[in-house]
Student: 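So that we are looking at the same thing, I have put the structure below in structure tokens.
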Amino acid sequence: MPSTKRIWVTGASEGIGRGLLQHYRTLGWHTLGTARRPEGPPEADRWIPGDLSLPAQRTKVVDELLNDGTWPDLIVLNAGIGYLASALETRPEDADRVFALNYTAPVELTRMLLERSQGRPLHVVVISSIAARFGQQNLATYSASKAAVSLWAESVNAEWQDRSHRIQLILPGVVSTDIMRHSIGSDGQPLGDRAGTHRGWSVERTAKAIERATRSRRFAHILASPSVRLALLLHDLCPSLFYLLLRRKP
Ligand SMILES: NC(=O)c1ccc[n+]([C@@H]2O[C@H](COP(=O)([O-])OP(=O)(O)OC[C@H]3O[C@@H](n4cnc5c(N)ncnc54)[C@H](OP(=O)(O)O)[C@@H]3O)[C@@H](O)[C@H]2O)c1
């Protein structure tokens, strides 16, 4: 009888990460989750708390993850933070915070797991964003952090072509979570009630789409409507027209 599969999800206390725990649990997987808050949601079979933007806590979390001698079959590096401020208003310390979680955390966690893999295959899924694919007002830092992690993952994918390890990249469009309320603004504080409405795909639909993506051989997956995909294509082929249309959008 095959042993139960194990998934480790970062940023699993709510939003897309929690949706993933819930979805994989219904599939019979053993679910492990991480986020800063000390207690995990009921969908986590095991909870390993930690602030993944801090190097010492990343080490603690990975040590704890592997201390029972098991190896996760799937790792979803999902923890991320939004940032909403104009480029001019962006304080360097806030940009560092955003990059520490959105870029450095997935890069370092992957490296640490690879170091400890001892011949066991690694399957890493990096959650980026379609914001990585084009520029938008007040999203320069967030988009740059997601673009950085996307190109990093693309490079790792090239390095791992002839190895047993796998990396995949997910670029969600808008998903209905509290990400905007948690996003930090130009004052370095969460937007909270200052955040606008943020409605798109449900976390359940997103989790299912991510799970489907992990079963495909394709590296990158955009989770958005055909019109958004078409717009991204237009951006790549004719950026001037793309930005003209974006400016005219109501
Ligand atoms: N929602 C969207 O529309 C959307 C679109 C494209 C991409 N994404 C990406 O999808 C991912 C998940 O987004 P979401 O919408 O689910 O966001 P969310 O609802 O704000 O959830 C973020 C998760 O990350 C955790 N987290 C935050 N800071 C952390 C830290 N320093 N260390 C460890 N965990 C931390 C949070 O838990 P704690 O507060 O307990 O730490 C929470 O579990 C992010 O990478 C985001 O950029 C989201």
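Both ligands and their constituent atoms are indexed starting at 1 by order of listing.
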Student: Consider only side-chain N and O atoms of H30 and T70, and report whether a donor and an acceptor are under 3.5 Å apart.
Tutor: no
Student: What protein heavy atom lies closest to atom 16 (O) of ligand 1? Include the residue and the distance to one decimal.
Tutor: I16 N, 2.8 Å
Student: Between E14 and R37, does the salt bridge (Lys or Arg N to Asp or Glu O under 4.0 Å) criterion hold? Intermediate values first, please.
Tutor: CA-CA 10 Å; E14 60 179 291; R37 62 198 79 174; 2.8 Å; yes
Student: Are any of the N or O atoms of L52 closer than 3.5 Å to those of ligand 1?
Tutor: yes
Student: Which of these, H198, Q57, R37, has its nearest heavy atom closest to atom 2 (C) of ligand 1?
Tutor: H198
Student: Identify the protein heavy atom lying closest to atom 5 (C) of ligand 1, giving its residue, its atom name and the separation to 0.1 Å.
Tutor: G173 O, 2.9 Å
Student: Let me check something: any side-chain donor-acceptor pairs from residues 118-125 under 3.5 Å, sequence neighbours excluded? List them with distances.
Tutor:
{"from": "R120", "atom 1": "NE", "to": "S117", "atom 2": "O", "distance (Å)": "3.0"}
{"from": "R120", "atom 1": "NH2", "to": "R116", "atom 2": "O", "distance (Å)": "3.0"}
{"from": "H123", "atom 1": "NE2", "to": "Q168", "atom 2": "OE1", "distance (Å)": "2.8"}

Student: So does E211 pair up with K208, basic N to acidic O under 4.0 Å?
Tutor: no
Student: Judged by non-hydrogen atoms, does S176 sit under 4.0 Å from ligand 1?
Tutor: no
Student: Heavy-atom distances under 4.0 Å decide this one: backbone, side chain, both or neither, for R18 against ligand 1?
Tutor: neither
Student: Out of G80, S128, G11, whose heavy atom is nearest to atom 7 (C) of ligand 1?
Tutor: S128
Student: From the options T206, T177, I127, L223, select the one whose nearest heavy atom is closest to atom 14 (P) of ligand 1.
Tutor: T177
Student: For atom 47 (O) of ligand 1, grab the closest protein heavy atom and report residue, atom and distance to one decimal in Å.
Tutor: Y142 OH, 2.6 Å
Student: Give me the nearest non-hydrogen protein atom to atom 44 (C) of ligand 1 as residue plus atom name, then the distance to 0.1 Å.
Tutor: N78 O, 3.2 Å
Student: Look at R91 together with D187 and state whether they make a salt bridge at an N to O cut-off of under 4.0 Å.
Tutor: no
Student: Between T34 and W8, do the side chains contain an N or O donor and an N or O acceptor separated by less than 3.5 Å?
Tutor: yes
Student: Side chain or backbone, does L101 bring an N or O within less than 3.5 Å of an N or O on ligand 1?
Tutor: no
Student: Students should be able to answer this: which protein heavy-atom is nearest to atom 34 (N) of ligand 1, and at what distance?
Tutor: A35 CA, 3.6 Å
Student: Evaluate the criterion side-chain hydrogen bond (donor to acceptor under 3.5 Å, both in side chains) for residue pair S13 and R18; output intermediate values, then yes/no.
Tutor: CA-CA 6 Å; S13 59; R18 183 174 177 180; over 6 Å; no
Student: Give the residue, atom name and distance (to 0.1 Å) of the protein heavy atom nearest atom 42 (C) of ligand 1.
Tutor: S13 OG, 3.5 Å
Student: Report the relative orientation of the aromatic rings in H165 and W160; use parallel for angles under 30°, tilted for 30 to 60°, perpendicular for over 60°.
Tutor: tilted
Student: State if A12 counts as touching ligand 1 under the rule of any non-hydrogen atom under 4.0 Å.
Tutor: yes
Student: Kindly confirm or rule out an N or O of V174 lying under 3.5 angstrom from an N or O of ligand 1.
Tutor: no
Student: Tell me whether Q57 contacts the main-chain N or O of L54 through its side chain, where contact means a donor paired with an acceptor under 3.5 Å.
Tutor: no
Student: With heavy atoms of K146 as the reference, note each atom of ligand 1 found under 4.0 Å away.
Tutor: 44 (C), 45 (O), 46 (C), 47 (O)
Student: Should R181 be listed as contacting ligand 1, given a heavy-atom distance under 4.0 Å as the test?
Tutor: no
Student: How close do A209 and W201 get, counting heavy atoms only, and between which atoms?
Tutor: CB-CZ3, 3.9 Å
Student: Between D51 (side chain) and R36 (backbone), is there a donor-acceptor pair under 3.5 Å?
Tutor: no
Student: Check this for me - ligand 1, I130, N or O atoms closer than 3.5 angstrom, yes or no?
Tutor: no
Student: Looking only at protein heavy atoms, which one is nearest to atom 33 (C) of ligand 1, and what is the separation?
Tutor: G50 O, 3.5 Å
Student: Looking just at side-chain N and O atoms, do D45 and T31 make a donor-acceptor pair shorter than 3.5 Å?
Tutor: yes
Student: Are any of the N or O atoms of S129 closer than 3.5 Å to those of ligand 1?
Tutor: no
Student: Does ligand 1 have a heavy atom under 4.0 Å from the side chain of H182, from its backbone, from both, or from neither?
Tutor: side chain
Student: Examine distances only and state if a side-chain atom of H198 and a backbone atom of T177 form a donor-acceptor pair shorter than 3.5 Å.
Tutor: no
Student: Quick one, S150 with S128, criterion side-chain hydrogen bond (donor to acceptor under 3.5 Å, both in side chains). Give me CA distance, side-chain angles, the key distance, then yes/no.
Tutor: CA-CA 6 Å; S150 297; S128 177; 2.7 Å; yes
Student: Name the closest protein heavy atom to atom 39 (O) of ligand 1, giving the residue it belongs to and the distance to 0.1 Å.
Tutor: R36 NH2, 2.9 Å
Student: Hey, is ligand 1 close enough to T34 that some N/O pair sits below 3.5 Å?
Tutor: no
